[in-house]
Protein chains: 2
Amino acid sequence: MTAAERRERQRAERHQLIITAARELAEAEGWEAVTTRKLADRVEYSQPVLYGHFANMEAIRDAVAVECIAEMAEQLHEARQAAPESDAIRAVCTAYLDYAAAHPAAYQAMFTLPTKVKFAHAETPAPLRQAFNEFVSAFGPYNDRNAALAELIWGSLHGMAVLLKSGRIPEDAQRQRLDLLITLFAKAPA
Amino acid sequence: MTAAERRERQRAERHQLIITAARELAEAEGWEAVTTRKLADRVEYSQPVLYGHFANMEAIRDAVAVECIAEMAEQLHEARQAAPESDAIRAVCTAYLDYAAAHPAAYQAMFTLPTKVKFAHAETPAPLRQAFNEFVSAFGPYNDRNAALAELIWGSLHGMAVLLKSGRIPEDAQRQRLDLLITLFAKAPA
DNA sequence: ACAAGATTCTAGCACTGCTAGATTTTGAGG
DNA sequence: CCTCAAAATCTAGCAGTGCTAGAATCTTGT
């Protein structure tokens, strides 16, 4: 049965190849350039092969989104670990905004383009949960209150990330705003 | 010159007709159903007429977005006026979330679908400015600090609105979260 | 009443996501 | 080492998209 195993492995490799190619294409030319034909060209297979791996184009974008969320979750984790506990919130927030700025196409796939990825739901993929937990941990142990704080600060950060890209807030204003945000959430009355 | 005037007026009416039709179609069948052909059918003209009024499909959606933002701005204003000053923040926030919940297609056009509408920018359309100012006013007179608070709370509300739709947070959890958010921002240290 | 100009439509291009059916490749079993 | 079914892959095409050139129609000042 090694033949079957090999085929399974090759299939998995190609699955990843598609995701990687889609991400690269999106980062190079934007998501509107990620079409079935261009993507098929890039992975050197015909279009129908894509549908052997994913239900449709949206599923491919969602797969990229989940992969990028995992990547971001890891960076949030590292940032939080590297900082003193008193600065955990700032570290995670900064890492979040940095990721959004450094990977615009990825961020778009994650949080602004239409997606079937579930948030705060039973089917929420593990990487998304991990990313969320980094925010919760920055506030302290997991409980309802800290989860709610995490959710709210995430929302604010998303707002900032969007404004930063579309409205081009000046750099220093951006920093002041982050300071204010952290002050509000850090000094949250119990 | 009354003939030319009449034509100008009819042209303006048709312009509005297109926007209204696009909005109705989006609210009835979702934005993916708003195609040039369906829209042309609905306004009882051929497709090229649309391009006499708008540069492209995205411009039509943006026009709907701006119209809806104006509508929302008005509701925010009314909510703020009707409430005692001490409850201004809560009133505006609640009105915001209510609008998002009541007009999902409109909210999508405003803040989740790709758009060319500028935020926090010299070209920001007046209605968007007005809506933003309602948030600022809820915090007090217009100044950098209150503007920053407005921006941040708007971001959080947007996060809540998205989670509410995609992740279906239970109703009461939603209310608790809003209470927490208001507490954080109302008790903002100077 | 007519010609010039504005307006509107028909028809079609180049692209999209997606798929049925033909074609090739693969890998057991004889 | 063949054979030949099954698996994998591709070719070709459908129905739909946004958008537009050029033909047809309708308006209007003279």
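Here is the naming used below: chain letters follow the sequence lines, and residue numbers restart at 1 for every chain.
Rounded to a whole Å, the CD atom of B:E58 is 18 Å from the P atom of D:dT17. If you take CE of A:M57 and C1' of D:dG16, they are 17 Å apart, rounded to a whole angstrom. Atom CG of A:N56 is separated from atom P of D:dA15 by 20 Å (rounded to the nearest Å). Going from atom NZ of A:K38 over to atom P of C:dG17 covers 10 Å, rounded to whole Å. For B:I60 and D:dG18, the CD1 to P distance is 9 Å, given to the nearest whole Å. Atom CZ of A:R7 is separated from atom P of C:dT26 by 9 Å (rounded to the nearest Å).
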Enumerate, atom names and distances included, each donor-acceptor pair closer than 3.5 Å involving a side-chain atom of residues 57-65 of chain A, sequence neighbours excluded.
{"from": "A:E58", "atom 1": "OE1", "to": "A:K116", "atom 2": "NZ", "distance (Å)": "3.4"}
{"from": "A:R61", "atom 1": "NH2", "to": "A:P114", "atom 2": "O", "distance (Å)": "2.7"}
{"from": "A:D62", "atom 1": "OD1", "to": "A:T115", "atom 2": "OG1", "distance (Å)": "2.8"}
{"from": "A:D62", "atom 1": "OD2", "to": "A:K116", "atom 2": "N", "distance (Å)": "3.1"}

Output side-chain donor-acceptor pairs under 3.5 Å for residues 37-51 of chain A, partner residues at least two apart or in another chain, one line each.
{"from": "A:Q47", "atom 1": "OE1", "to": "A:T36", "atom 2": "OG1", "distance (Å)": "3.0"}

Validation: residues 84-91 of chain B side-chain donor-acceptor distances under 3.5 Å, sequence neighbours left out:
{"from": "B:R90", "atom 1": "NH2", "to": "B:D179", "atom 2": "OD1", "distance (Å)": "2.0"}

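The side-chain hydrogen bond (donor to acceptor under 3.5 Å, both in side chains) test applied to A:S137 returns no partner, not counting sequence neighbours. By the side-chain hydrogen bond (donor to acceptor under 3.5 Å, both in side chains) test, A:Q108 pairs with no residue at all, sequence neighbours left out. When the side chain to side chain contact (heavy atoms under 4.5 Å, CB included) test is applied to A:D98, the partners found at least two apart in sequence or on another chain are A:T94. Looking at residues two or more places apart in sequence or on another chain, you find no ring-ring contact (aromatic ring centres under 6.0 Å, His included) involving B:H77.
For the segment residues 40-52 of chain B, the set of residues with a heavy atom within less than 4.0 Å of an atom of DNA chain C comprises B:Y45, B:S46, B:P48, B:V49, in numerical order. Applying a 4.0 Å cut-off to non-hydrogen atoms, the residues of residues 10-31 of chain B that approach DNA chain C are B:R14, listed by residue number.
Relative orientation of the A:F139 and A:F185 rings is tilted, given thresholds of 30° and 60° on the angle between their planes.
Taking 4.0 angstrom as the limit, B:R37 places none of its side-chain polar atoms (N or O) nearer than this to OP1 or OP2 of D:dG18. Side-chain nitrogen and oxygen atoms of B:T35 include at least one within less than 4.0 Å of the OP1 or OP2 phosphate oxygen of D:dT17. Residue A:T36 has no polar side-chain atom (N or O) positioned under 4.0 Å from OP1 or OP2 of C:dC18.
B:Y96 has its ring centre no less than 6.0 Å from the ring centre of B:H158.
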